[in-house]
Amino acid sequence: MPHQAADWAAEVHEVHTVTTTGEARDRIERYNPTAIEPKWQERWADLRLYDTDLYDDSRPPFYLLTMYPYPSGALHIGHWYITTPTDAIARYRRMHGDNVFLPIGFDAFGLPAENAAIKNKINPRAWTSANMENMRRQLRTMGSTFAWRHEVVTCDPAYYRWNQWMFVKFLEKGLAYRSVSPVDWCPNDGTLAREQVEGVERRCWRCGAQVEKRELAQWYLRITDYADELLDFTGLDWPEPIRSMQTNWIGRSSGAEVDFESAPMLHHAGGEPIRVFTTRPDTLFGATFMVLAPEHALVSPLTAPDRRAEVEAYVAAAANKTEINRLSTDREKTGVPIGADAINPVNGERIPIFVADYVLGGYGTGAIMAVPAHDERDFAFAKAFDLPIIKVVMPRDGDPDEELTQAFTAHTIDEVMVNSGSFTGRPAAQAWHEIVSSLGDQGKGEQAVTFRLRDWLISRQRYWGTPIPVIHCTDCGPVGVPEADLPVLLPDEVDYRGSGDNPLTRDEAFLACSCPQCGKPARRETDTMDTFIDSSWYWFRYLSPHKNDGPVDSDLVRRWTPVNQYTGGAEHAVMHLLYSRFFTKAMRDLGLVHENEPFTKLFNQGQILGADGERMSKSRGNVQDPDELVSRYGADAVRLFLMFMGPWDQGGPWSPTGIGGVAKFLGRVWTLALDPHGREPADPLSGQLPAGETDALARDRIRAAAHRTLRDVSVDYEGFRWNTMVAKLMELSNTLARYRGSEVAGLPEWDEAIRMLLLMLAPAAPHITEELWSRLAEARGESWTSIHTEEWPRVDETAIVEATREVPIQINGKLRDKITVPAGITDIELEQIVRSRDKVVAAIGGAEIAKLIVVSGGKLVNIVLRG
RNA sequence: GCCGGAGUGGCGGAACGGUAUACGCGGCGGUCUCAAACACCGCUGGCCGAAAGGUCUUGUGGGUUCGAAUCCCACCUCCGGUACCA
């Protein structure tokens, strides 16, 4: 919505250049960020201040990684929201003596480049390169301390050849394999992504054609081999919600696989066995029907002739439904009987077989035994189709004949079996195992584990990605490209026909090759890799981006990884962050790296949405361009405002309201540092100490304020609580402003407080603090050293100690009074004072005190009255 | 649907189970100015009250507790992910 963007722009235009205050205008130069910022950015670059020496052993290494951007064209404010606080972490860690490595690069393969190529008839590489150039320029305006010499660009053959190299290793190890699976297919544009299929009609976003499912042979990585290891988060300092999402995504289920004999003809058993997976073998006696997924291989062979037409129609309809739709639990259950039965192996009973789309082909065995009494979806299906519901598990004191109104799924320890033949009366938890082992003895089943996680489909029928290094030979089948022949280069000039299908399939020069095994003419694989492959190991490559005899430098990997701190969006919770963990483990098993996990500590910042509350995107027209804000307010103000807006992990709709307040704060810091003796002509009390305050008291209060702020701000920095960090620095500057122009301004306590304020602000607002630091040094006749090489100040606890404190008094939990008491008072003394207060006595009246609670250390007193 | 998160003044938000609304924006009043802008100072959750003060208030409804924005249960709304966007 372009008009909304215009609204706030108008608002911004009304705010004018930041100036300093009052008569200071005549005494000192104004704070002008546009003059200061480029100067320091250049100076820092010249000094190679942030050019990390990866071999420096004198300081502890700190690998700080932030998710690299996709080169979409221009930075938006969301990039700043991720990146500038991360830069503040880097600067903060350096002030604590760490050797910080903060690299940056570009996730340069992917669909948007191809969409742009099709739409604008421009080469994806040219489009991507131009975007990267623009974004590099923008990134530099942040004043961020990236190690640019280590930049990684994934569409560079020097990078993607190692994707190919690792793929071939995975192929040799059996970790990569080929299998057939369905894709959403448009006759004009080929394979489509989920968001390219529009509406319930399922039409192609580009050409409007009807989208269908097509079965394609595609490449997979066996991430499921690592499923159990991926469930183990030992030693990782990751947010609980992310661990929980990954755990649920992997979805480990422990149960049994059981064979049901199929009985295609009436009164005849002896058909092929149908294997089902169940987490509840204890409910086998309650199975009253069976359900096959529409994709199940036995649907067609088992369907009775008179059922065939209906079953085939149902299967075809299911193919055009989305998985989200099929798994919906509040949707009306659908399905059709196929006209065949299955034999329950525990009691020999015949149960009808249905095909229904709530069972998925890709999960478990693609077939379930349905136990309506103890599964919600089976219950709903049984009700819809009027199938028997047999209760086989119940609470110990339950009634076996009571009719169920909903599925009983509690599955507690104290449950017993009913209606279950010889197992009736057994505790359900034990019967679970007894039934499995009994089936095992008969060769009809065994204990099994299944995962919701599926193997990683890495094939993309697209041009702009890493070519999968495989050659198809009519004799030898698919063969990996030998290491010596890598990289398989992506041709730059291809024939785009203005549609989304893969031009590599028409590129004869690319396709023609010979089989590495037998030498016969062969065809090259045209699928390229999922771009998540690129992002699954890029941080290893940052350490040695130009190394040309291997993907990683093992010496540097040993020194620098795992990454100490990773920052990026929570939208990557289950895909990128899981693939990266998998890749690290797979690379470990290739002997490339030594560790089990890629990122020791993770922080997910929230997402900045457009002003309309929607995700920022060019097509919605709700993208906020940071350049305009930077030219108006300066990079420091934009950085600080993004930190001040709210908790970093929250994000939210973008609104520039309030950036003026942050700019005003920086102007105030400028004035405090450069003009401590100036006064506010508009304030009659300016230059006087607050009423009743002596010199000595004022000096103590300045020190106390500075050191208390340091104590609290340090905690906020450690926890990335930027908004409260900035608020506390604002409070400190407000306190100092009250003393500006008075007799204590410029005294050692004042100077210390100013110095501390600048140091505390330096990681967040690096330019203004550097400028003020240099001017203060100059005023003292000292030579310049960067504030960003200074040490973080130390708290003097003795400065913070207070003589008195305030204690709130509650009656029945409601605030009724406040008293000021000496800091060292005992609880008993406190209680005596409280009881003698007029207000307290009046509030109690004639009531009886039931209890008097003094909260830990006398922080609060609550008087509870009886009745 | 499922998995994860969030809901507090006019707005962004603050608050180890213990004084709800810090800090900032906006608004109102003032100072400075020929005037304006900038800057600076003061006030600013609702209701009752002249005031002192009282009372209500953290999406909704319950619960636990001396005490709940915070913990528990149910629900509503919004955001992220849902395997080919990155």
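Computed from a predicted model, the values in this text were never measured in an experiment. Chain letters run A, B, ... following the sequence lines, proteins first and then strands; every chain starts at 1.
B/G81 adopts an anti glycosidic conformation, its chi angle falling more than 90° from 0.
Nucleotides B/A14 and B/C75, compared at atom P, are 28 Å apart to the nearest Å. When the P atom is used for both B/A35 and B/G59, the distance is 48 Å, rounded to whole Å. B/G30 and B/G18 are spaced 39 Å apart, taking the C1' atom of each and rounding to whole Å. Comparing the P positions of B/G53 and B/G5 gives an interatomic distance of 44 Å, to the nearest angstrom. Look at the C1' atom in both B/G42 and B/G49: the space between them is 23 Å, to the nearest Å. To the nearest whole angstrom, the two C1' atoms, one in B/C23 and one in B/G9, are 14 Å apart. Taking the C1' atom of each, B/U21 and B/G7 are spaced 16 Å apart, rounded to whole Å. The same atom, P, is picked in B/G81 and in B/A74; the two are 26 Å apart, to the nearest Å.
A cation-pi arrangement is found for A/R581 relative to A/W238, the charged atom lying closer than 6.0 Å to the ring centre and inside a 45° cone about the ring normal.
When each of B/C84, B/C25, B/G18 is scored by its nearest atom to the side-chain atoms of A/T657, the top-ranked nucleotide is B/C25. Of the candidate nucleotides B/G1, B/A22, B/U19, B/G1 has the atom lying nearest to any side-chain atom of A/I324. The side chain of A/P112 lies closest to B/A86, out of B/A86, B/U19, B/C56. Side-chain proximity of A/V864 to B/C66, B/C3, B/C79: nearest is B/C66. Closest to the side chain of A/K839, from the set B/A83, B/G53, B/G80, is B/G53. Closest contact between the side chain of A/L457 and the listed nucleotides B/G4, B/C23, B/C84 involves B/C84. Residue A/F644 places its side chain closer to B/C23 than to any other of B/C23, B/A83, B/U55. Set against B/G12, B/A22, B/C40, the side chain of A/M645 has B/G12 as its closest nucleotide. Taking every side-chain heavy atom of A/V574 into account, B/G81 is the closest of B/G81, B/G24, B/U19. Of the listed nucleotides (B/G80, B/G12, B/U55), B/G80 has the atom at the smallest distance from the side chain of A/Q607.
Taking 4.0 angstrom as the limit, A/R377 places none of its side-chain polar atoms (N or O) nearer than this to OP1 or OP2 of B/C2. A/R462 has no side-chain polar atom (N or O) that falls below the 4.0 Å cut-off from OP1 or OP2 of B/C84. Note on A/R326: every side-chain N or O is 4.0 Å or more away from OP1 and OP2 of B/G1. OP1 and OP2 of B/G12 both lie 4.0 Å or more from every side-chain N or O belonging to A/S655. Under 4.0 angstrom from either OP1 or OP2 of B/U55 there lies no side-chain N or O belonging to A/K814. In this model, the phosphate group of B/C84 is approached by a side-chain N or O of A/R460 to a distance below 4.0 Å at OP1 or OP2. Of the side-chain N and O atoms in A/Q650, none sit less than 4.0 angstrom from OP1 or OP2 of B/G5.
Taking a pair to require two hydrogen-bonding distances under 3.5 Å in either a Watson-Crick or a G-U wobble arrangement, B/U65 remains unpaired. In this entry B/A83 has no Watson-Crick or G-U wobble partner, no candidate having both defining distances under 3.5 Å. Across all strands shown, B/U19 remains unpaired; no Watson-Crick or G-U wobble contact has both distances below 3.5 Å. Taking a pair to require two hydrogen-bonding distances under 3.5 Å in either a Watson-Crick or a G-U wobble arrangement, B/A50 remains unpaired. Using the Watson-Crick or G-U wobble rule with both distances under 3.5 Å, B/C43 pairs with B/G27. Of the nucleotides present, B/A6 is the one that pairs with B/U77 by Watson-Crick or G-U wobble criteria, both distances under 3.5 Å. B/U70 is unpaired under the criterion used here, namely a Watson-Crick or G-U wobble arrangement in which both key atom distances are under 3.5 Å. As the counterpart of B/U33, no nucleotide is assigned, since no Watson-Crick or G-U wobble pattern has both distances under 3.5 Å.
If you check every strand for non-hydrogen atoms under 4.0 Å, A/F532 touches a base. Contacts of A/L729 with the nucleic acid, taken as non-hydrogen atoms under 4.0 Å apart, are absent. Within the 4.0 angstrom heavy-atom criterion, only backbone atoms of the sugar-phosphate kind lie near A/L111; the bases stay farther away. Counting any heavy atom pair closer than 4.0 Å across all strands shown, A/V183 reaches a base atom. Among the atoms of the strands shown, base atoms are found under 4.0 Å from some heavy atom of A/H572. The residue A/S72 sits apart from the nucleic acid: no heavy atom pair falls under 4.0 Å.
For A/N862 against B/C66, a side-chain-to-base donor-acceptor contact under 3.5 Å is present. With hydrogens and angles ignored, no donor-acceptor pair closer than 3.5 Å exists between the side chain of A/E571 and the base of B/C79. Between the side chain of A/Q196 and the base of B/C84, no donor-acceptor pair under 3.5 Å is found.
Rounded to whole Å, the distance from CE on A/M67 to P on B/G81 is 13 Å. Computed from coordinates, the A/R30 CZ to B/A37 P distance equals 15 Å when rounded to whole Å. Put simply, CG on A/D817 is 10 Å from P on B/G53, counting in whole angstrom units. Distance CD1 (A/I811) to P (B/U19): 16 Å, rounded to an integer number of Å. When the C1' atom of B/G80 is taken as reference, atom CD1 of A/I82 falls 14 Å away, rounded to whole Å. Atom CZ of A/R452 and atom C1' of B/G1 are 12 Å apart (whole Å). Following rounding to the nearest Å, A/Q246 (CD) and B/U82 (P) show an atom-to-atom distance of 13 Å. When rounded to the nearest whole Å, the span between OH of A/Y363 and P of B/C3 equals 13 Å.
Ring geometry, A/Y717 versus A/W722: the interplanar angle exceeds 60°, so the pair is classed perpendicular (tilted spans 30 to 60°). Relative orientation of the A/H576 and A/Y538 rings is tilted, given thresholds of 30° and 60° on the angle between their planes. The aromatic rings of A/F582 and A/W456 sit perpendicular to each other, their planes meeting at more than 60°, with 30° as the lower class boundary.
Of the residues near RNA chain B, A/E806 and A/N723, the one whose nearest nucleotide (by heavy atom distance) lies more toward the 5' end is A/N723. Positionally, the nearest nucleotide of RNA chain B for A/G646 lies more toward the 5' end than for the other of A/G646 and A/K728.
Outside the 6.0 Å centre-distance limit, the rings of A/F665 and A/F644 are not counted as a close aromatic pair.
Counting only distance, with no hydrogens or angles, the side chain of A/E806 and the backbone of A/K818 share no donor-acceptor pair below 3.5 Å. Of the possible donor and acceptor atoms, none in the side chain of A/H572 sits under 3.5 Å from a partner among the backbone N and O of A/G569. Looking at A/R326, its side chain does come within 3.5 Å of a backbone N or O of A/V359 through a donor-acceptor pair.
Under 4.0 Å is where a charged nitrogen must lie from a carboxylate oxygen, and between A/R460 and A/D527 no such pair does. The pair A/D712-A/K728 does not meet the salt-bridge criterion, since no charged nitrogen lies less than 4.0 angstrom from a carboxylate oxygen.
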